[in-house]
**Student:** 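Right, I'll just put the structure down here and ask away after.
Counting starts at 1 for both ligands and their atoms, following the listed order.
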Amino acid sequence: MPEPLLGHPRILPRSDHSISRAQISKNALNVLYGLHKAGFEACLVGGGVRDLLLGVTPKDFDVATSALPEQVRATFRNSRLIGRRFRLAHVHYGPEIIEVATYRASHDKAEDDADARLDGDRILRDNVYGTREEDVIRRDFTVNALYYRIEDFSLIDHVGALEDIAARRLRTIGEPEARYREDPVRMLRAVRLAAKLDLTIEAVTEAPLFELGYLLETVPQARLFDEAVKLLLSGHGVRSYELLSHYRLLDYLFPLESGALAPERERLIRAALANTDQRVAAGLPVTPSFLLAVMLWEPLQETMARQLVQGVSEHQAFIAAQEAVLRSQADLLAVPKRFTLPAAEIWALQSRLQRRRQPGRLLGHPRFRAAFDFLALRAQYDPDLQPTVDFWGARQEQEGAVVAEPASDDERGSDGAPPRRRRRRRGGRRRRGQGEAAASASAAP
Ligand code: ATP
Ligand code: MG
């Protein structure tokens, strides 16, 4: 579909906008100046500019330039070229990476090019370089398409982005349905940006979201996993979840049959997400494992119940249900094993916590804390679990006292299990080297 030609851009000189260099990372500025000095146009673009104008601290700063990737590579010794679908340069400054993208043309121009074919409506490769005007219209939403040009510190708006920012409105560039068909992940990005920045999704941009969820089935599961993590684990999980559910997009990310989501299940998920949001706000670490355990808990219970009816043992039912649920999840999102394994451990520990046997060993289990937190979350909606939560709460307090007095070594076994090793490292120095070797071996990827 040919895009309408862009009108004249609105160019705000430095005196007419609020973005100042003091708000931009030193390293991003260094990249912008470096490219400019080498004779290229260089702009800050995307989420960084958008967030600054909305009064939010940007997560990172993206640079767009007229320089080709090889020219960027040649300009910065500390740079590397990456990516196949999009060829990008990464300029490294210690832990900070500045991503530099060459201006690219939209798929219309790409269509004639052997390098960038379309599969139906979908863009497969996108490496046809172009002008800034062309770069604008391949971006997803107007608010993501502002350019802050280093040469004169001006802000360039080709698509009415400034009005949308002022109205806190999310609008696709071009016809929404076509843009979602080109890349269905844009639907998830719409939800994420609306949730994160409290934007209203403008009506025409919003309408197809209710209808086009099924397009997500064509997106590689690994890319969907990345998006799901950004949606739910970046500090605005509750709002993202509500919007995903509202637009009927949740079913394409989790095997939840959300249309029939039982109120208790919904409450459990919301409580976990609220907790995650609080942790993010407090700067505490969060992991997909815990959330995965929560999201799939009810499907696990249902599958297990069906197994038990067939007369298998509880253990067999659990193993079969766990496999089935993780398999149906894997059909939707490619969740790496380093997250599914801990989630399965959290599940397995639920019944062990309820049995209350060998408390000393359980307390030292690497997943004890997560499993306990999960149990406490469940107890909010299942009062029968509260005595078990109280029991383990008290045990942990006692353990706290024990840890402070390393001499006493309670009911830990002598089988060299991880908890014992950890314990020794706290108490006596004797086996430290050995413990560390074991710990780092098990942490190796
Ligand atoms: P965040 O705050 O999460 O970084 P962002 O909008 O900067 O948000 P990025 O993934 O860093 O997200 O993308 C940078 C820019 O690239 C976007 O602002 C947008 O202009 C463009 N972009 C990213 N993904 C797409 C997409 N799927 N389709 C079109 N343009 C995209
Ligand atoms: Mg960004």
**Student:** For atom 4 (O) of ligand 1, what's the nearest protein heavy atom and its distance?
**Tutor:**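 Nearest neighbour among protein heavy atoms for atom 4 (O) of ligand 1, to 0.1 Å: K59 NZ, 3.0 Å.
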**Student:** Go through the steps to decide whether R80 and R73 satisfy the test side-chain contact (heavy atoms from CB on, under 4.5 Å), and finish with yes or no.
**Tutor:** CA-CA 6 Å; R80 242 159 52 81; R73 173 75 194 90; 5.8 Å; no
**Student:** Going by the atom numbers of ligand 1, which of them fall below 4.0 Å from some non-hydrogen atom of R139?
**Tutor:**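 Listed by number with element: 15 (C), 16 (O), 19 (C), 20 (O), 21 (C), 29 (C), 30 (N).
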**Student:** For the pair F141 and Y180, name the ring-plane relationship: parallel under 30°, tilted 30 to 60°, perpendicular over 60°.
**Tutor:**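 It falls in the tilted class, 30° to 60°.
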**Student:** Would the F318 and W347 ring centres measure less than 6.0 Å apart?
**Tutor:**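 Distance test on ring centres: not under 6.0 Å, no.
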**Student:** Among all protein heavy atoms in this structure, tell me which lies nearest to atom 11 (O) of ligand 1, with the distance rounded to 0.1 Å.
**Tutor:**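 Going atom by atom, the protein heavy atom closest to atom 11 (O) of ligand 1 ends up being D62 OD2, 3.3 Å.
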**Student:** One residue to check: R223. Relative to ligand 1, which of side chain, backbone, both or neither has a non-hydrogen atom less than 4.0 Å away?
**Tutor:**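 Under 4.0 Å from ligand 1, R223 contributes side-chain atoms alone.
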**Student:** Is it the case that ligand 1 has an N or O less than 3.5 angstrom from some N or O of K230?
**Tutor:**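 So ligand 1 has no N or O lying under 3.5 Å from an N or O of K230.
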**Student:** Considering only heavy atoms from C-beta outward, does the side chain of L349 approach that of L375 to under 4.5 Å?
**Tutor:**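 No, too far: nothing below the 4.5 Å cut-off.
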**Student:** Is the charged tip of R21 near the ring of F153: under 6.0 Å from the six-membered ring centre and within 45° of its axis?
**Tutor:**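 Output yes; distance and angle both within limits.
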**Student:** Please indicate whether any nitrogen or oxygen in R179 is less than 3.5 Å from any nitrogen or oxygen in ligand 1.
**Tutor:**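 No.
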**Student:** After noting the C-alpha distance and the side-chain angles of T65 and E41, does the key distance pass the side chain to side chain donor-acceptor pair (under 3.5 Å) rule?
**Tutor:** CA-CA 5 Å; T65 179; E41 182 172 274; over 6 Å; no
**Student:** What part of D60, side chain, backbone, both or neither, has a heavy atom within less than 4.0 angstrom of ligand 1?
**Tutor:**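 It is the side chain that gets close, since no backbone atom is under 4.0 Å.
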**Student:** How about R132 and H158: does a side-chain donor come under 3.5 Å of a side-chain acceptor?
**Tutor:**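 There is such a pair (donor and acceptor under 3.5 Å, judged by atom type) between the side chains of R132 and H158.
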**Student:** Of all the atoms in ligand 1, which lie at a distance below 4.0 Å from a heavy atom belonging to R186?
**Tutor:**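 With R186 as reference, the close atoms of ligand 1 come out as 26 (C), 27 (N), 28 (N), 29 (C).
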**Student:** State if D183 counts as touching ligand 1 under the rule of any non-hydrogen atom under 4.0 Å.
**Tutor:**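 Yes, that is the case, since the closest heavy atom of the residue is under 4.0 Å from the ligand.
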**Student:** Could you list which atoms of ligand 1 come closer than 4.0 Å to a heavy atom of R138?
**Tutor:**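 Near R138, the atoms of ligand 1 are 29 (C), 30 (N).
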**Student:** Quick one: sort the H92 and H90 rings into parallel, tilted or perpendicular, breaks at 30° and 60°.
**Tutor:**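 Because their plane-to-plane angle is over 60°, the rings of H92 and H90 count as perpendicular.
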**Student:** Taking 2.8 Å as the upper limit, name the protein N, O or S atoms near the Mg ion (ligand 2).
**Tutor:**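 D60 OD1, D62 OD2, with waters left out.
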**Student:** Would you say the side chain of Y252 lies within less than 4.5 Å of the side chain of P184, judging by non-hydrogen atoms?
**Tutor:**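 The answer is no; the side chains never approach within 4.5 Å.
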**Student:** Please determine whether side-chain contact (heavy atoms from CB on, under 4.5 Å) holds for the pair D135 and T102, giving the CA-CA distance in whole Å, both sets of side-chain angles, and the decisive distance to 0.1 Å.
**Tutor:** CA-CA 9 Å; D135 194 67; T102 301; over 6 Å; no
**Student:** List the closest protein heavy-atom neighbour of atom 9 (P) of ligand 1: residue, atom name, distance to the nearest 0.1 Å.
**Tutor:**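 For atom 9 (P) of ligand 1, the nearest protein heavy atom is R189 NH1, 3.9 Å.
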**Student:** Between R338 and S289, which heavy-atom pair has the shortest distance, and what is it?
**Tutor:**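 Here R338 and S289 meet closest at O-OG, 4.1 Å.
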**Student:** Looking only at protein heavy atoms, identify the closest one to atom 30 (N) of ligand 1 and say how far it is in Å.
**Tutor:**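 Going atom by atom, the protein heavy atom closest to atom 30 (N) of ligand 1 ends up being D140 N, 3.2 Å.
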**Student:** Check ligand 1 against R50 and write out every atom of the ligand that is under 4.0 Å from a heavy-atom position of the residue.
**Tutor:**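 Atoms satisfying the 4.0 Å criterion: 1 (P), 2 (O), 5 (P), 6 (O), 8 (O).
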**Student:** Within less than 4.0 angstrom of ligand 1, does K196 place any heavy atom?
**Tutor:**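 For ligand 1, residue contact (heavy atoms, under 4.0 Å) with K196 is present.
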**Student:** Evaluate whether atom CZ of R279 has more than 12 neighbouring non-hydrogen atoms of other residues, nucleotides or ligands under 6.0 angstrom away.
**Tutor:**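 For R279, atom CZ is crowded (more than 12 foreign heavy atoms under 6.0 Å).
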**Student:** To check your reading of the model: name the closest protein heavy atom to atom 3 (O) of ligand 1, its residue, and the distance in Å.
**Tutor:**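 It is R192 NH1, 2.7 Å.
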**Student:** Looking at E163, I'd like to know if its CD atom is crowded, meaning that more than 12 non-hydrogen atoms belonging to other residues, nucleotides or ligands lie closer than 6.0 Å.
**Tutor:**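 No, not enclosed.
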**Student:** Taking distance alone, with no angle check, do L193 and ligand 1 share an N/O pair under 3.5 Å?
**Tutor:**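 Among all N and O atoms of L193, none is under 3.5 Å from an N or O of ligand 1.
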**Student:** Which atoms of ligand 1 have any heavy atom of G46 under 4.0 Å away?
**Tutor:**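 In order of numbering, the contacting atoms are 18 (O).
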**Student:** Do other residues, nucleotides or ligands put more than 12 heavy atoms under 6.0 Å from R267 CZ?
**Tutor:**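 Counting other residues, nucleotides and ligands, CZ of R267 exceeds 12 neighbours.
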